[in-house]
Amino acid sequence: MPADPNHNRPVVTRFAPSPTGALHIGGARTALFAWAFAKKHNGRFILRVEDTDLKRSSPESTKGILRDLGWLGLFSDEGPKYPCAKHGCGCGKAVDDTGYDPYDRDRQLGDHGPYFQSQRAADGIYGKYIQRLLDAGKAYEDDGAVRFRMDEDIAFTDAVYGDISVKADDLEDFIIRKGEDGGKLPTFHFAVVVDDALMEVTHVIRGQEHLTNTTKHAALYDALAEVTGDAETWQRPVWVHTPSIMNPGGSKMSKRDKAKALRNSMTEYIEKNGRDVFEEAISRCLTPQQVAHLESTAGHPVNLDRSSIDAFIDKKHDDTDFVRVVAGFWGVELPEIEVADFRNSGYLQSALLNYIALLGWNPGDDIEHFDLDFLCEKFSLERIGKSNSTFDRVKLKDFNATAVRALSHDVFADRMVRYVEAYRPAWAGSPIFTDAAKWRAFCGAVQERTHVLPDPLEMNAFLIADDDAIAYDFAPKPVRKAMIGNEAQGVTLLEEMLAGFADLPADGFGAAAHTKINELAEASGINMGKFAQPVRIAVSGGPVTPPIDVTLGLLGKVATLTRMRRCLEAAKAHASA
RNA sequence: GGCCUUGUGGUGCAAUCGGUAGCACGCCGCCCUUUCAAGGCGGAGCCUGCGGGUUCGAGUCCCGUCAAGGUCACCA
């Protein structure tokens with residue numbers, strides 16, 4: 001491997017997303033690597049929004065990407081003032097946080113915002129270099145655009161993939177200034193080179209899809225060095241291309257997977273039930289009121305009419321909003337692809353960061369669980385692999401569960417509060433949530449069995465349900481065994497407990513009930529577990545709840561007794577049936 | 001199709017200069033246990049895509065082949 005040409009320059013890395021959608025997991029990993037590498041070498045990490053494609057870029061995307069980066073804790077070390085949330089631009093005003101997700105309410109915003117290429121283009125930064133190339137005959141005009149000549153063999157070294165060389169015959173002249181959009185904007189290939197050079201970026205860390213594009217960039221660096229006579233500024237950086245992140249199936253993990261999931265579900269339904277039934281089902285899903293509601297939550301109109309749905313099924317479009325919204329009503333779970341998806345699903349930043357750091361990189365020993373400090377200390381380009389890695393959600397979940405268990409009870413309870421506030425309005429209004437003591441008890445009981453934040457909410461939905469909403473089904477084996485088995489011993493014990501609970505105080509009911517059960521168990525010589533299961537079932541409808549004292553305490557005396565009576569009735573009805 | 005790249009148990013990764021493959025997730029069993037988790041203990045599962053070659057010896061070098069990914073835009 002040749003000596004690092006940049007060894008004498010301070011390390012500068014950057015993350016340069018184009019704001020054409022949300023920050024996806026691959027982008028997050030690239031950003032993480034670039035950030036970690038800069039930290040490791042006491043260098044700087046900068047952010048640059050590549051918004052030279054006017055048609056596809058949007059302020060919303062910019063905002064979303066910055067928010068997600070902030071959520072992950074990946075901040076820029078230099079740059080203009082943080083952009084305001086209103087404009088998504090670098091207008092220099094203090095950040096207006098009102099538009100941000102409540103889940104992130106007290107996150108750090110960082111001291112610096114990103115550079116914007118659209119702004120730099122407006123400042124004329126790229127134009128003068130294009131002119132130089134034109135003057136030197138290294139580029140020429142072509143139908144309003146400007147093309148750069150590629151008439152020599154190009155070779156460069158990538159820190160991951162090694163020496164790459166391409167013959168001139170396989171290279172084509174490429175556009176560096178667009179003829180469209182007013183004829184002023186540089187293309188991506190030109191803008192990255194100019195910006196990276198001017199911002200003194202020493203290590204360009206990006207996705208492998210740019211590997212072959214790098215021939216263009218290398219040629220541009222060389223040409224610009226020659227034309228300006230400034231070899232120092234236009235020194236080629238170290239290129240670092242990271243392998244792709246794939247789906248378990250082998251396809252590249254992309255946001256289009258969401259559209260695919262929805263479409264598959266729909267076409268499957270159509271094949272099974274016929275088009276007519278589908279038409280009816282979909283119109284039942286998408287009533288005008290629902291559409292109106294959707295649009296109000298989306299903040300902008302979403303085209304959900306018949307032709308739009310037909311076009312979607314015929315693969316004519318993959319509109320992001322359409323997919324998200326329709327999937328919600330159609331009842332399809334979309335795969336998590338973007339950072340925001342993982343946040344919504346209840347993953348912790350630390351777990352996500354830890355997991356994606358391992359996608360294509362490893363510390364060299366068998367250590368898998370580590371934090372950002374460890375990453376910054378250990379990160380090295382040499383340990384980035386060349387082969388694509390596939391994204392294993394099961395393993396990610398395990399990482400998250402481990403991270404959740406490592407949280408202190410207080411921090412966990414706080415995380416849960418934020419999650420509930422942001423994503424679970426039904427829980428946010430419940431007495432368990434609003435009563436601090438109860439919330440603490442609940443979180444303390446569920447923490448160690450939580451894989452992702454919504455787990456305890458979903459597993460314990462019975463806690464916030466109405467008493468008469470609890471349904472009893474004695475068919476499942478664990479339920480039958482506990483209630484019906486052994487000559488309906490469970491029913492008998494339940495009656496015993498119901499009687500025993502009657503005199504207990506409503507205050508501190510959970511602990512009192514627990515003590516009572518212990519007494520009854522001891523007196524009858526029957527195993528405590530035999531008592532616990534029937535109450536569990538009575539109170540939740542199923543065999544799984546947090547420890548019985550906590551569960552009953554959370555529910556309170558009235559609800560507990562009511563549910564026990566209802567369960568008894570249901571059991572009798574079941575027996576006589 | 002041209003060019004570039006990759007290919008280790010189900011999955012994610014290890015294996016410094018070539019010496020008979022290790023860790024984690026998952027899975028199975030046992031223990032613990034008032035359920036479920038968690039935890040403890042143990043187990044099954046790759047001879048390294050395939051075929052040649054070099055070598056005393058190759059996952060690790062060479063050739064071929066197959067498979068996969070990337071790229072060939074006035075998108076980034």
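Chain naming here is simple, since letters A, B, ... match the order of the sequence lines and numbering starts at 1 in each.
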Closest nucleotide among [options] to the [X] side chain:
| X | options | answer |
| --- | --- | --- |
| Glu209(A) | G70(B), G12(B), U6(B) | G70(B) |
| Asn213(A) | U5(B), A73(B), C72(B) | C72(B) |
| Ala145(A) | C25(B), C74(B), A24(B) | C74(B) |

My understanding is that a pair needs two contacts under 3.5 Å, Watson-Crick or G-U wobble. By that rule, which nucleotide pairs with [N]?
| N | answer |
| --- | --- |
| C61(B) | G53(B) |
| C47(B) | none |
| G22(B) | C13(B) |
| U6(B) | A67(B) |
| G42(B) | C28(B) |
| C74(B) | none |

Centroid-to-centroid, Trp35(A) to Phe15(A), below 6.0 Å?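 Distance test on ring centres: not under 6.0 Å, no.
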
Write down the distance separating the [atom1] atoms in [N] and [M], rounded off to the nearest Å.
| N | M | atom1 | result |
| --- | --- | --- | --- |
| A15(B) | U5(B) | C1' | 22 Å |
| G7(B) | G43(B) | C1' | 29 Å |
| A68(B) | C61(B) | C1' | 23 Å |
| U8(B) | C46(B) | C1' | 7 Å |
| C25(B) | A67(B) | C1' | 26 Å |
| C32(B) | C41(B) | C1' | 11 Å |
| C27(B) | C63(B) | C1' | 40 Å |
| U60(B) | A76(B) | P | 42 Å |

For a quick check of understanding: with a heavy-atom distance under 4.0 Å over all strands, which category does [X] fall into, base, sugar-phosphate or nothing?
| X | result |
| --- | --- |
| Thr52(A) | sugar-phosphate |
| Gly360(A) | sugar-phosphate |
| His369(A) | nothing |
| Ile175(A) | base |
| Arg393(A) | nothing |
| Ser18(A) | sugar-phosphate |
| Asp169(A) | nothing |

What is the separation between atom [atom1] on [X] and atom [atom2] on [N], rounded to the nearest whole Å?
| X | N | atom1 | atom2 | answer |
| --- | --- | --- | --- | --- |
| Lys216(A) | C4(B) | NZ | P | 15 Å |
| Glu50(A) | A76(B) | CD | P | 9 Å |
| Ile164(A) | U6(B) | CD1 | C1' | 12 Å |
| Asp142(A) | A73(B) | CG | C1' | 13 Å |
| Tyr126(A) | A76(B) | OH | P | 11 Å |
| Lys386(A) | A14(B) | NZ | P | 12 Å |
| Ile367(A) | A24(B) | CD1 | C1' | 12 Å |
| Lys55(A) | C74(B) | NZ | C1' | 8 Å |

Closest approach of [X] to [Y] (non-hydrogen atoms, all atoms of both residues):
| X | Y | result |
| --- | --- | --- |
| Leu494(A) | Cys567(A) | CD2-SG, 3.9 Å |
| Leu358(A) | Glu368(A) | CD2-O, 3.5 Å |
| Phe509(A) | Leu552(A) | CD2-O, 3.7 Å |

Below 4.0 angstrom from OP1 or OP2 of [N], is there any side-chain N or O of [X]?
| X | N | answer |
| --- | --- | --- |
| Lys167(A) | G2(B) | no |
| Asn388(A) | U6(B) | no |
| Ser387(A) | G69(B) | no |
| Lys395(A) | U11(B) | no |
| Thr187(A) | C74(B) | no |
| Lys178(A) | A76(B) | yes |

Parallel under 30°, tilted from 30 to 60°, perpendicular over 60°: which one fits the rings of His217(A) and His189(A)?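 Correct class here is tilted.
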
Per-nucleotide protein contact string for nucleotides 29-44 of chain B, where B marks a base within reach and S marks sugar-phosphate only (heavy atoms under 4.0 Å, - for neither): -----BBBBSS-----

The residue, Thr390(A) or Arg383(A), whose nearest nucleotide of RNA chain B is more 5′ is Thr390(A)

Please name the residue in the list Lys258(A), Lys397(A), Arg393(A) that meets the salt bridge (Lys or Arg N to Asp or Glu O under 4.0 Å) test with Glu336(A).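 Among Lys258(A), Lys397(A), Arg393(A), the one that satisfies the salt bridge (Lys or Arg N to Asp or Glu O under 4.0 Å) with Glu336(A) is Arg393(A).
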
Here the gap from Leu185(A) atom CG to Lys178(A) atom NZ, rounded to the nearest 0.5 Å, amounts to 6.0 Å

Going by side chain to side chain contact (heavy atoms under 4.5 Å, CB included), name the residues that satisfy it together with Asp173(A), two or more places apart in sequence or in a different chain.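 Partners of Asp173(A) under the side chain to side chain contact (heavy atoms under 4.5 Å, CB included) test: Tyr140(A), Arg147(A), Arg149(A), Met150(A).
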
[X] (side chain) donor-acceptor with [Y] (main chain) under 3.5 angstrom:
| X | Y | result |
| --- | --- | --- |
| Thr13(A) | Phe45(A) | no |
| Asp195(A) | Gln117(A) | no |
| Asp68(A) | Ile65(A) | no |

